[in-house]
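Read the structure below first, then the notes.
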Amino acid sequence: MADLEPKAPSDFLRTIVANDVKAGTHGGSVITRFPPEPNGYLHIGHAKSICINFGIAQEFGGRCHLRFDDTNPCREEDEFVEGIKDDVRWLGFDWGEHQYFASDYFDQLYAWAIQLIKEGKAFVCDMSGEEISASRGRASAAGTESPWRNRSVEENLDLFERMRNGEFDEGSKTLRAKIDMASPHLQLRDPVMYRILKASHHRTGDTWCIYPMYDYTHGQSDSLEKITHSICTLEFSDHRPLYDWYIQALGIFPSHQYEFARLNMTYTALSKRRLKGLVDEGVVTGWDDPRMPTLAGMRRRGYTPEAIREFCKRIGVAKADSMVDFALLEFCLREDLNKRASRYMAVLDPIKVVIDNYPEGQVEHLEAVNNPEDPGAGARQVPFSRELYIEREDFMENPPKQFFRLAPGREVRLRYAYFITCTSAVKDADGNVTELHCTYDPASKGGNSPDGRKVKSTLHWVSAAEAVDAEVRLYDVLFAKENAMEVEEGKTWQDNLNPNSLTVVNNAKIEPALARLGSTAAVQFERLGYFCLDTDTTEARPVFNRTVTLRDTWAKAQQASG
RNA sequence: UGGGGCGUAGCCAAGUGGUUAAGGCACCGGUUUUUGGUACCGGUAUGCGUUGGUUCGACUCCAACCGCCCCAGCCA
């Protein structure tokens with residue numbers, strides 16, 4: 001029977017957790033946490049972490065805390081905490097009552113610092129940043145001890161209190177842990193615990209002018225919340241000895257840290273610093289620019305949380321550095337959108353078609369299926385008349401052998417309408433085709449001819465008189481290079497930006513039903529891709545974002561043949 | 001060159017001494033189709049960084065070597 005069960009997703013983290021639960025560690029409880037710093041918006045890389053942390057907690061009957069790691073008042077803002085909460089909720093996760101801030105623990109952390117001073121495990125150091133850096137030593141050579149390392153407990157206590165009281169200038173003193181200046185682990189060479197920062201904090205205001213460092217905060221925060229598995233990315237591996245040192249020195253609940261490889265994806269940048277740069281330099285319109293890999297941007301672009309969660313499931317979790325193919329994300333998106341998106345017709349690059357044998361002034365309403373993947377989605381009426389628009393690229397005057405679409409003398413089907421045959425193409429003085437003349441077969445109404453004859457192609461179309469004008473924004477990858485961070489000699493990562501990441505179509509023609517949408521839910525423009533209404537939409541003018549194109553084997557074949 | 005990690009197909013990734021080395025994406029064929037979409041079928045590692053060793057048997061154990069990533073913020 002067991003063989004018939006679907007295999008549980010297996011990765012090294014779940015294996016560790018499962019073993020702990022089995023062994024009864026911490027009474028079998030599983031508590032994880034997602035700990036963003038509120039200094040920017042979340043991106044798809046954070047989504048991986050969120051899915052791991054909340055996912056594991058869910059699977060093992062535990063819980064996941066949302067904790068804001070707000071120990072640096074210079075960079076953190078309330079705007080970001082609200083944005084982060086929106087994003088986590090949107091992704092589909094719920095932290096319940098368990099929302100915390102590292103700043104909630106400032107008093108406790110301060111008390112613990114005094115405890116460590118009293119035990120001779122911490123001291124106030126008067127060295128400047130440069131001096132500390134210089135004395136840390138080389139990777140292969142021991143550092144040198146601070147001349148202030150052996151101050152008396154009383155003096156340390158006094159100085160630390162006066163640091164807190166604001167008696168000293170920023171940068172003039174720090175509280176450091178007294179560990180080992182010769183440790184092969186650089187993090188253990190008397191790391192700074194507290195620095196003086198005369199900045200007001202987004203939550204504690206001006207209560208403090210000394211702030212704890214990440215290393216002195218994170219493990220204890222985990223410990224206070226009884227976090228059993230503190231899961232973070234690989235670059236924190238080096239911090240684990242220090243994480244453990246503080247917990248041991250303090251004798252508090254033994255949370256443990258585990259690390260996995262952060263997400264990298266082709267044609268994109270996933271570092272808050274880089275993304276912030278794009279926002280600040282105006283390369284994109286904001287954190288929610290639909291080209292951004294931020295959750296806010298992806299949401300606006302039309303990505304669904306289901307697609308992102310599926311992507312996170314499929315990429316797996318491991319410790320090897322990796323670069324995930326962007327195509328996998330698009331696959332997950334299309335897979336989800338295909339099931340849920342209602343179909344409509346819209347023409348992005350219109351060329352007029354006149355059906356010469358269709359009665360002038362007549363309008364028929366033809367039934368169109370809303371979603372062939374979902375019978376429950378019903379059908380709608382689409383107006384058809386003598387003058388229509390079709391996609392310019394669906395006609396070729398001298399088509400190559402593999403081109404199945406409209407051409408002089410050729411018959412094709414207009415989706416849900418009629419078979420039409422092209423009789424002539426009107427051109428302007430420069431030889432550009434400006435209008436097509438066709439005839440239709442009245443017997444083929446709905447899209448099938450009674451004599452059973454076949455056509456090789458079905459085109460989307462919009463009736464000219466009833467068409468509504470719309471703006472459509474077409475997006476492409478933000479970076480032109482597969483590895484966005486691979487910089488050529490003498491260039492910067494900004495040089496890797498894709499100059500064509502945004503194309504605005506100002507004169508798209510959409511069917512009337514699309515103009516009445518009133519929802520930002522995903523729709524499919526038949527044969528073109530998935531789209532959604534953008535927040536820039538006004539009463540007067542709909543604005544659509546192209547979420548992702550449909551798979552297009554024809555375009556691919558063309559590209560391949562040059 | 002100190003420390004911490006990692007190397008299985010183009011990209012992810014299972015595999016923990018005995019299986020024809022899972023699965024997905026991408027790619028290549030084909031079937032169905034009123035979306036050149038979807039769905040479905042099939043193909044794609046004599047090989048697991050390299051070289052030795054242990055063993056009846058190694059992707060799995062051992063050794064050496066090679067390569068890549070991270071760490072010297074009073075950032076997180």
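Below, read A as the first sequence line, B as the second, and so on, with proteins coming before strands; counting in each chain starts at 1.
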Q) Do A/Asp180 side-chain atoms and A/Ala182 backbone N/O form a donor-acceptor pair below 3.5 Å? A) yes
Q: Examine B/A76: is either OP1 or OP2 under 4.0 Å from a nitrogen or oxygen in the side chain of A/Arg262? Give yes or no.
A: no
Q) If you check the A/Asp321 side chain, which of B/C69, B/U38, B/C12 turns out closest? A) B/C69
(Q) Heavy atoms from C-beta onward define the side chain here; which of B/C75, B/C12, B/G36 lies closest to that of A/Trp554? (A) B/G36
Q. What form does the base of B/G47 take, syn (within 90° of 0) or anti?
A. syn
Q.
Check this for me, if you would: do A/Asp321 and A/Arg262 make a salt bridge, where the nitrogen-to-carboxylate-oxygen distance has to be below 4.0 angstrom?
A. no
Q | Contact under 4.0 Å: A/Thr217 side-chain N or O vs B/A76 OP1/OP2 | A | no
Q. Considering every strand shown, what is the Watson-Crick or G-U wobble mate of B/U33 when both distances are under 3.5 Å?
A. none
Q.
Ring centres under 6.0 Å, that's the criterion: do A/Phe384 and A/Trp461 meet it?
A. yes
Q. Counting side-chain heavy atoms from C-beta on, which of B/G3, B/C6, B/G37 comes nearest to A/Lys319?
A. B/C6
Q. On a whole-Å scale, what distance lies between the C1' atoms belonging to B/G7 and B/A13?
A. 13 Å
Q) Between B/G15, B/C75, B/U35, which nucleotide has the shortest distance from any of its atoms to the side chain of A/Pro372? A) B/U35
Q. Has the side chain of A/His239 got a donor or acceptor that lies under 3.5 Å from a partner of the other kind on the base of B/A76?
A. yes
Q. For the side chain of A/Arg136, counting heavy atoms from C-beta on, which of B/C69, B/A72, B/G10 is nearest?
A. B/A72
Q | From B/G2, B/G37, B/C70, nucleotide with atom closest to A/Ser140 side chain | A | B/G2
Q | Sidechain-backbone polar pair: A/Thr204 side chain, A/His201 backbone, donor-acceptor under 3.5 Å | A | no
Q: Confirm from the modelled atom types if A/Glu373 and B/G37 form a donor-acceptor pair under 3.5 Å, side chain to base only.
A: yes
Q: Name the closest nucleotide to the A/Arg314 side chain, picking from B/G3, B/A13, B/G24.
A: B/G24
Q | Opposite nucleotide pairing with B/C6, Watson-Crick or G-U, both atom distances under 3.5 Å | A | B/G67
Q: Could you tell me whether A/Asp336 and A/Arg340 have a side-chain N and a carboxylate O separated by less than 4.0 Å?
A: yes
Q | Between P of B/C25 and CD of A/Glu482, the distance in whole Å | A | 18 Å
Q: Output yes when at least one side-chain N/O atom of A/Arg527 is less than 4.0 Å from OP1 or OP2 of B/G36, else no.
A: yes
Q: Using the C1' atom on both, measure B/G23 against B/C65 and round to a whole Å.
A: 33 Å
Q. Distance check: side-chain N/O of A/Thr553 vs OP1/OP2 of B/G37, anything under 4.0 Å?
A. yes
Q. For residues A/His65 and A/Glu225, is any side-chain donor paired with an opposing acceptor at under 3.5 Å?
A. yes
Q: Please state the P separation for the pair B/G43 and B/C25 - nearest whole angstrom.
A: 15 Å
Q.
Please pick, from B/A72, B/G5, B/U38, the nucleotide with the shortest atom-to-atom distance to any side-chain atom of A/Ser133.
A. B/A72
(Q) Less than 4.0 angstrom between a side-chain N/O of A/Arg551 and OP1 or OP2 of B/U38, yes or no? (A) yes
(Q) Go nucleotide by nucleotide along RNA chain B from the 5' end; which of A/Lys173 and A/Gln524 gets its closest nucleotide reached first? (A) A/Gln524
Q. Which base, if any, makes a Watson-Crick or G-U wobble pair with B/A21, both distances under 3.5 Å?
A. none
Q) With syn defined as a glycosidic torsion within 90 degrees of 0 and anti otherwise, which applies to B/G4? A) anti
Q: Respond yes when some side-chain nitrogen or oxygen of A/Ser128 is under 4.0 Å from OP1 or OP2 of B/C74, and no when none is.
A: no
Q) Nearest of B/A76, B/G5, B/G36 to any side-chain atom of A/Leu234? A) B/G5
Q. Could a donor-acceptor pair under 3.5 angstrom be found where the side chain of A/Asp238 meets the base of B/G3?
A. yes
Q) Which nucleotide, B/U35, B/C74, B/A14, lies nearest any side-chain atom of A/Leu550? A) B/U35
Q: Return no unless some side-chain N or O of A/Arg195 is found under 4.0 Å from OP1 or OP2 of B/C75.
A: yes
**Q.** Donor-acceptor pair, side chain of A/Glu330 and main chain of A/Phe326, under 3.5 angstrom
**A.** no
Q | A/Asn338 CG - B/G37 P separation (whole Å) | A | 12 Å
**Q.** Pairwise 5' ranking along RNA chain B for A/Lys556 and A/Asp215, keeping only the more 5' one
**A.** A/Lys556
Q | Pair partner, B/C75 [Watson-Crick or wobble, under 3.5 Å] | A | none
Q. Does A/Lys313 have a side-chain nitrogen or oxygen under 4.0 Å from the phosphate oxygens OP1 or OP2 of B/G24?
A. no
